[in-house]
Amino acid sequence: MAKTLPDKPLRPATLLVRGGQNRTELGETSEALFLTSGFVYDDAKQAEDTFLGTAQHFQYSRFGNPTVQALENKLALLEGAEACRATATGMAAVHAAMLSHLKTGDRVVASRALFGSCYWIVSTLLPRYGIETVFVDGSDLAGWQDALSVQTAMVLLETPSNPMLEIVDLRAVCDLAHQAGALVVVDNVFATPLLQRPLEFGADIVVYSATKHFDGQGRVLGGAVLGTKKWVEEVLQPFIRNTGPAISPFNAWVILKGLETLHLRVPAMCASAQRVAEFLDGRPEVERVHYPTLPSHPQRELAMRQMSAGGTVVTFDVAGGKDATFAFLDALRLVDVSNNLGDSKSLVTHPATTTHMRVGAEERARLGITDGSVRLSIGLEDVEDLLEDLAAALDAAGRAQPRQAAE
Ligand SMILES: *Cc1c(COP(=O)(O)O)cnc(C)c1O
């Protein structure tokens with residue numbers, strides 16, 4: 001008989017290594033990769049019983065797959081959620097969580113500072129189907145209160161937000177949302193389940209891009225939706241089963257391998273991010289550093305109530321506008337210019353000309369994104385090498401700053 005896990009709560013590191021595995025009778029050490037689209041039945045009766053729901057058997061990998069299920073079980077244990085469904089991308093997870101639940105005539109309230117494609121779903125896609133959508137500034141509790149003073153179906157928020165690392169008060173917003181009859185969906189990508197567990201503050205659904213820290217090594221795309229067993233089975237599963245955002249078992253397997261080191265990678269990245277934030281804070285070429293645990297962060301206390309560390313991303317504003325900022329980016333020798341994050345390689349993004357180009361200048365101004373804003377995702381390199389790379393590139397930015405800005 002296969003061993004089962006001890007019948008008591010296990011700690012995150014143990015769950016990341018051990019949780020969710022369903023060993024076959026062959027006794028493999030690592031999770032088995034079931035790279036198969038379908039499954040066969042012993043006989044016609046077993047097929048009938050499976051479709052009736054009276055027998056448990058995998059049918060088709062669009063509905064479920066043993067490798068994908070191992071990933072779902074591990075993520076549910078880690079999050080403290082009753083159920084999980086994995087998807088092909090983070091956006092498929094956000095889309096399925098929202099569209100499976102919403103219908104024409106519903107109302108959605110969302111924080112303004114959302115990942116670009118999440119913003120597009122709320123601002124552009126949902127209204128097409130007759131769903132009313134309202135944006136609020138995530139840190140403005142009075143704004144949430146106002147927006148949630150009428151019946152609402154769903155709230156979508158991200159905390160810390162991308163890219164300015166603004167914090168939403170999870171407990172307060174969940175309470176307001178529930179009074180308005182809304183289900184709260186939290187995009188927890190920036191925090192990861194190791195730093196913040198939204199369900200403990202009242203959230204109903206948590207979504208992830210597994211592309212980021214879960215894989216964490218830049219290989220595959222993936223996503224996940226977590227919630228109650230009832231909602232996942234009755235609302236989400238029929239939508240996923242019939243619309244097909246299924247993740248490849250191969251990608252699920254890669255993410256399972258990535259998760260085994262999440263508890264080593266994320267704290268190491270956070271420790272380096274803290275060092276980098278403090279270093280940048282003291283540099284004359286930097287106008288402002290945004291990092292949740294810095295004393296200068298306006299919501300530091302709230303961040304520390306909800307999160308156990310500041311996260312793996314540091315955002316900062318380079319003095320001297322776009323030219324000086326591009327000079328800084330181009331002078332980096334170690335850190336790559338990219339639009340991804342949560343990777344073992346440190347990556348840097350200029351939101352105004354890439355991820356947030358399409359939202360327009362007015363919306364960027366409202367979000368606090370300037371032409372000097374830089375989003376830095378800290379990887380696993382030696383932090384001293386990162387600091388030296390940043391220092392040399394800031395020297396280059398200082399030389400590129402127009403004279404007026406330097407005076
Ligand atoms: C990357 C990301 C997504 C989308 O995930 P994909 O895997 O790229 O589809 C959604 N939300 C946040 C906060 C992200 O960083």
Side-chain angles (χ1 to χ4, degrees), residues 68 71 75 79 84-99 110-125 135 138 155-168 170 184-196 198 203 205-226 240 243-248 250-252 254-255 258-259 262 266 269 273 290 292 306-307 311-315 338-343 345 347-349 351 354-356 358-359 367 369 375-379:
V68 175
L71 173 62
L75 291 176
E79 195 71 41
C84 172
R85 288 293 179 273
T87 54
T89 66
M91 282 325 302
V94 174
H95 176 258
M98 299 194 82
L99 272 290
S111 55
R112 190 181 301 287
L114 291 176
F115 182 76
S117 294
C118 299
Y119 185 85
W120 184 85
I121 286 180
V122 177
S123 66
T124 306
L125 184 67
F135 285 104
V155 165
L156 174 68
L157 64 89
E158 196 184 312
T159 180
S161 71
N162 174 30
M164 302 315 282
L165 309 182
E166 174 189 89
I167 310 292
V168 177
L170 283 171
V184 180
V185 181
V186 176
D187 181 338
N188 203 38
V189 168
F190 271 55
T192 82
L194 293 179
L195 305 186
Q196 174 173 277
I205 295 157
V206 183
V207 292
Y208 287 103
S209 166
T211 315
K212 311 296 165 56
H213 307 82
F214 289 3
D215 170 25
Q217 288 144 89
R219 299 165 294 191
V220 299
L221 298 168
V225 186
L226 298 110
I240 285 186
T243 63
I247 185 171
S248 158
F250 179 78
N251 290 2
V254 171
I255 293 165
L259 284 171
L262 187 74
V266 168
M269 290 153 89
H290 308 262
Q306 296 181 173
M307 300 169 68
T312 65
V313 174
V314 180
T315 300
S338 175
N339 41 267
N340 205 356
L341 61 95
D343 200 275
K345 294 182 175 66
L347 304 173
V348 70
T349 306
T354 60
T355 55
H356 289 70
R358 291 223 165 81
V359 304
L367 294 170
I369 301 170
R375 185 189 77 189
L376 178 58
S377 169
I378 300 295

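Here, residue 1 is the first one in the sequence, and each next residue gets the next number. Keep in mind that the numbers below use all heavy atoms, side chains included, and drop hydrogens, waters and symmetry copies. A quick note: this is a predicted structure, and the numbers were derived from the prediction, not measured. Counting convention: from 1, in listed order, for ligands and their atoms alike.
- Heavy-atom contacts of Gly90 reach the following atoms of ligand 1: 5 (O), 6 (P), 7 (O), 9 (O) (cutoff under 4.0 Å).
- Taking 4.0 Å as the cut-off, Asn162 does not count as a neighbour of ligand 1 on heavy-atom distance.
- In the vicinity of Thr89, heavy-atom distances shorter than 4.0 Å reach the ligand 1 atoms 7 (O), 9 (O).
- The shortest heavy-atom contact between Gln306 and Leu170 is OE1-N, 2.7 Å.
- At the top of the distance list for atom 15 (O) of ligand 1, counting protein heavy atoms only, stands Lys212 NZ, 2.7 Å.
- Considering Asn188, Leu226, Val207, Leu157 in turn, Asn188 is the only one that fulfils the side chain to side chain contact (heavy atoms under 4.5 Å, CB included) rule with Pro198.
- One finds the CG atom of Asp187 at 8.0 Å from the CE atom of Met91 (value rounded to the nearest 0.5 Å).
- Judged by distance alone, with hydrogens and angles left aside, the side-chain atoms of Ser377 form a donor-acceptor pair with the main-chain N or O of Gly342 at under 3.5 Å.
- Taking every heavy atom of Glu158 and a limit of under 4.0 angstrom, the matching atoms of ligand 1 come to 13 (C).
- With hydrogens left out, the protein atom closest to atom 11 (N) of ligand 1 is Asp187 OD2, 2.6 Å, a heavy atom.
- Between Phe135 and Tyr119, the angle of the ring planes stays under 30°, which puts this pair in the parallel group of the 30/60° scheme.
- Nearest protein heavy-atom neighbour of atom 9 (O) of ligand 1: Met91 N, 2.8 Å.
- Remark: the backbone N or O of Ser338 is paired with a side-chain donor or acceptor of Thr349 at under 3.5 angstrom.
- Checking side-chain atoms of Asp343 against main-chain N and O of Gly218 turns up a donor-acceptor pair under 3.5 Å.
- Close contacts between ligand 1 and Gly222 involve ligand atoms 7 (O) [criterion: under 4.0 Å to a heavy atom].
- For the pair Ala92 and ligand 1, no heavy-atom separation below 4.0 Å is found.
- In this structure the side chain of Ser209 never reaches within 4.5 angstrom of the side chain of Thr89, judged on heavy atoms.
- Of all protein heavy atoms, the one lying nearest to atom 8 (O) of ligand 1 is Ser209 OG, 4.2 Å.
- Of the candidates Tyr208, Tyr119, Phe115, Phe115 brings a heavy atom nearest to atom 4 (C) of ligand 1.
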